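Each remark here refers to the structure printed beneath this line.
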There are 2 protein chains.
Amino acid sequence: MEKEVTIYDIAKILNLSPATVSRALNDHPAINSKTKLSIANTAAELGYRSNTFASNLRRKSTSTLGVIVPRLDSSFMSAVLAGMEEVANKAGYNLLISQSLESQGKEKSNAKTMYNSRVDGLLVSLAYDTEGFDHFENFVKKRVPVLFFDRIFDHSECATIVIDNEKAGYDVTSHLIMQGCTHILHVTGNLKRNVYIDRLSGYRKALEAHGIAFDEAWVLETDLSREAGKAAVDYMEKLPVRPDAIFVANDICAISCIQELKQRGYRIPEDIAIAGFNNDPVSQVVEPSLTTVYYPGKEMGAIAVKTMINHLTGTSDIDPANSVVLQSELLIRDSSRKLQREARN
Amino acid sequence: MEKEVTIYDIAKILNLSPATVSRALNDHPAINSKTKLSIANTAAELGYRSNTFASNLRRKSTSTLGVIVPRLDSSFMSAVLAGMEEVANKAGYNLLISQSLESQGKEKSNAKTMYNSRVDGLLVSLAYDTEGFDHFENFVKKRVPVLFFDRIFDHSECATIVIDNEKAGYDVTSHLIMQGCTHILHVTGNLKRNVYIDRLSGYRKALEAHGIAFDEAWVLETDLSREAGKAAVDYMEKLPVRPDAIFVANDICAISCIQELKQRGYRIPEDIAIAGFNNDPVSQVVEPSLTTVYYPGKEMGAIAVKTMINHLTGTSDIDPANSVVLQSELLIRDSSRKLQREARN
DNA sequence: TTTTGGATTGTAACCGATTGCATTAGCCAA
DNA sequence: TTGGCTAATGCAATCGGTTACAATCCAAAA
């Protein structure tokens, strides 16, 4: 049971050439269907499995997609990966997954690994502090497609999958304003990243649209961790005017704010309304339940892989600079419902 | 920028044979260190990257580990994967990850894909309803090591990584009993899986140890989903005696129980104490915070890969039937604290 | 009967790295 | 000078499919 079966073995048994066997197994049209059948049968009998390396070596393609994400252990990312895996698997592609742990250095080294593994395409969501595109240049030069999702990099050669973060930020802020809030603190992440700068931009526009002046002091850039939540509450208490709402750019940090605020005796949403972002499972469980933005993670992963595979197989020769924008949705829950307290979600 | 550099190019430039170049790049002792240096230099200059396929084809190994998990989108699994990725990456191994979506059928097809991809080793956590070992026989026959973690299969050829589920189940149950509970409903998962049957066994033993009679009607086998949580509450209300505690075999379902119970007017833990399992992030956020069992996911992933790689490189020729048992820990929180209400966690 | 052309199948040169078995050079001792 | 030995390098086969370019066969057309 040790020896591997090759197309040569099959060829010898059936008195054919290995070329014919190879073509038959790949369903080449020139091969007689009866021949194909007998080849398929003996292949099955012998327990033949194709040697991917030999095949890749000759074909120069790997049927493997590389994925680099900031962290594997976040509910959003695992949803994304679940979506990716499902589509890739169906299309016969493998996924090579690695995490940058939010570090530019590790992202670079992962990119190198992917490059050496000769992935057919690369799917990336950027780390917190990544600057520049150097580590992806190799791919572009070798014409390996690179696609960014969620935390993207704007590059003429790369497709992107995002949600409309500006609109989402606008919607959240408008909602808070409609609830009567006029002093809204925005706690955000690293503004190098599109997701955060765009949400901020939506926040600004909503303020303007409602005639509220924008003030830089009301934007707090953090790492959006649990600790940042507490720090944000500290910061808030030092502001000249007490805010009546906080819009946090992620749920984890928003929840930590809620817990901290409750501990300090604030009532939510009566004293301060809170809104988060991502629709993390915890957002439904926390009390009061957290107003947030639904983020289609699984769908995003699925579409990213679909786009990539279409690109690779040439099904869609769409402009590689095309960008898919997915639908997000504001989920209004108790943490921000100052009016219509009756309508429960 | 299209042409790939090969060892032949390097050889030609330096007037050496490809054999020497290959050996130099692999740091073979027979090669003169000066020669090595000049080869390394020109390789770097030319932007050479080794062709894995050619190498794999010749070597018959892939430096890739296959991973099959029930779901990617669970906080426990993403912790496991994060741990795996870190170790594998450091050791120069790649991870090929796929999910069975809790279906035996998909698990089988994934195993086949892994087999055809010729992974050097396979790491598996079983789906909900998997029976039998057939789909892994191929690996055993070809001497590809298979390691099970968490949801394991007992097989003489396969290593396993687990926590002591029986002990954990015992500890949870004992704790509830110490809080004065005598009627403890146990909501569990598919009893084919070791993790659930072992926890159940711990539950039984704890009852016995405290002189409480075991009753089958007090064990509810479910799929541990959110819906199952509600169904469990329904079931509970139909029992002849109202339970004073529920021990649920996972946090997601436990939390859904809590929410349902609260909605029906029960006070937790005064009327009913609740305990979960896994230390999912939500368990800290729910109110009251959920007593649960800390599950070392990241560590489990790391150790699984470490064990596998040691096995592959022959560093440890330990009996393949060896089993690693990791430490878990009972985290007592408010949902079960009927006594000593002062000690907060 | 000869020609022509489509349908099948075969030949052989790759793809790029690895490695068992020489071979060569250089040095020391006999 | 010669033999022996070590260190360093080269030769050439090999891993298993793929594919451009024939070659072959057979029936239909001329």
Side-chain angles (χ1 to χ4, degrees), chain A residues 2-40 42-44 46-64 92 115-120 142 144, chain B residues 2-40 42-44 46-64 92 115-120 142 144:
Chain A
E2 270 293 339
K3 196 69 190 305
E4 286 288 345
V5 182
T6 73
I7 54 170
Y8 295 92
D9 300 324
I10 300 177
K12 202 166 290 171
I13 291 178
L14 294 177
N15 236 319
L16 290 168
S17 78
T20 305
V21 176
S22 169
R23 285 194 268 253
L25 292 172
N26 286 308
D27 206 23
H28 188 108
I31 303 297
N32 186 300
S33 50
K34 282 177 198 164
T35 316
K36 275 184 195 168
L37 202 65
S38 66
I39 289 178
T42 47
L46 298 178
Y48 167 80
R49 58 172 173 170
S50 160
N51 186 320
T52 333
F53 314 130
S55 172
N56 285 344
L57 176 57
R58 194 57 229 255
R59 281 206 170 104
K60 304 185 172 220
S61 91
T62 65
S63 297
T64 297
Y115 183 67
N116 289 329
S117 312
R118 308 199 181 205
V119 295
D120 283 353
K142 285 265 166 38
V144 177
Chain B
E2 270 293 341
K3 195 68 188 307
E4 287 287 346
V5 182
T6 72
I7 53 170
Y8 296 91
D9 300 324
I10 300 178
K12 202 168 290 170
I13 291 180
L14 293 177
N15 237 315
L16 289 167
S17 78
T20 305
V21 176
S22 169
R23 292 193 182 102
L25 292 172
N26 287 307
D27 208 21
H28 188 108
I31 303 296
N32 186 301
S33 52
K34 283 178 197 165
T35 315
K36 274 184 193 169
L37 203 65
S38 66
I39 288 178
T42 47
L46 298 178
Y48 166 81
R49 57 172 173 168
S50 161
N51 186 318
T52 333
F53 313 132
S55 174
N56 285 345
L57 175 56
R58 196 53 229 262
R59 282 208 171 101
K60 305 187 170 216
S61 91
T62 65
S63 298
T64 298
Y115 183 68
N116 288 331
S117 308
R118 307 196 181 209
V119 295
D120 284 352
K142 285 264 166 39
V144 177

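Worth saying up front: this structure is predicted, and the values here are computed from it rather than measured.
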> Rounded to the Å, how far apart are B:L16 CG and D:dA8 P?
Replying inline: 14 Å
> Residues from residues 17-27 of chain A sitting under 4.0 Å of DNA chain C, heavy atoms only?
Replying inline: A:S17, A:A19, A:T20, A:R23
> Distance from A:T35 atom OG1 to A:L16 atom CG, nearest 0.5 Å?
Replying inline: 6.5 Å
> Is B:S117 close to B:T64 at the side-chain level, that is, under 4.5 Å between some pair of heavy atoms?
Replying inline: no
>> Rounded to whole Å, how long is the line connecting atom NE2 of A:H28 with atom P of D:dT19?
In response: 10 Å
> Is a side-chain donor or acceptor of B:T62 paired with a backbone partner of B:R118 at a separation under 3.5 angstrom?
Replying inline: yes
>> In this structure, how many angstroms lie between the P atom of D:dA20 and the CZ atom of A:R59, rounded?
In response: 12 Å
> Does the A:S50 side chain pair with the main chain of B:N116, one donor and one acceptor, at a distance under 3.5 Å?
Replying inline: no
> So, is B:R58 close to the D:dT14 phosphate, meaning a side-chain N or O under 4.0 Å from OP1 or OP2?
Replying inline: no
>> As an exercise, state the distance from CG of A:N51 to OG1 of A:T6, rounded to the nearest 0.5 Å.
In response: 9.5 Å
>> Tell me the interatomic distance from A:F53, atom CZ, to D:dG16, atom P, rounded to whole angstroms.
In response: 11 Å
> Looking at B:I13, B:D9, B:I39, B:T42, which hits side chain to side chain contact (heavy atoms under 4.5 Å, CB included) with B:V21?
Replying inline: B:I39
> Taking CG from B:L14 and P from D:dT9, how many angstroms apart are they, rounded to a whole number?
Replying inline: 11 Å
> Whole Å only: how far is the CG atom of A:L57 from the C1' atom of D:dT14?
Replying inline: 12 Å
> Looking only at side-chain N and O atoms, does B:T35 come under 4.0 Å of OP1 or OP2 in D:dT9?
Replying inline: yes
> Looking for any heavy atom pair under 4.0 Å, which part of the strands does A:D9 touch: base, sugar-phosphate only, or nothing?
Replying inline: nothing
> Ignoring hydrogens and geometry, is there a side-chain-to-backbone donor-acceptor pair from B:R23 to B:I31 under 3.5 Å?
Replying inline: no
>> Can you tell me how far apart CG (B:N56) and CG (A:N56) are? Round to the nearest 0.5 Å.
In response: 9.0 Å
>> Test your reading of the model: is there a side-chain donor-acceptor pair from A:K142 to the backbone of B:E4, 3.5 Å cut-off?
In response: no
> When A:R59 is tested against each of A:S63, A:S55, A:S61 for side-chain hydrogen bond (donor to acceptor under 3.5 Å, both in side chains), which residue passes?
Replying inline: A:S55
>> At less than 4.0 Å, is any side-chain N or O atom of A:N51 found next to OP1 or OP2 of D:dG17? Yes or no.
In response: no
>> Based on the rotation axes of five pairs at each end, what angle does the helix from C:dT1-D:dA30 to C:dA30-D:dT1 bend through, to 10°?
In response: 60°
>> Nearest whole Å is fine: how far is D:dG16 C1' from A:E4 CD?
In response: 11 Å
> Do any side-chain nitrogens or oxygens of A:Y8 fall under 4.0 Å of OP1 or OP2 in D:dT18?
Replying inline: no
>> Can you give me the first and the last nucleotide of DNA chain C (5' to 3') that has an atom within less than 4.0 angstrom of a non-hydrogen atom in chain A?
In response: C:dT8 to C:dG16
>> I want to confirm an ordering. Mapping B:S33 and B:R118 to their closest nucleotides on DNA chain D, which one lands closer to the 5' end?
In response: B:S33
> Under the 3.5 angstrom rule, does the side chain of A:T20 hit a backbone N or O of A:A11 as a donor-acceptor pair?
Replying inline: no
> When you measure from the side chain of A:N32 to the backbone N and O of A:K34, does any donor-acceptor pair fall under 3.5 Å?
Replying inline: yes
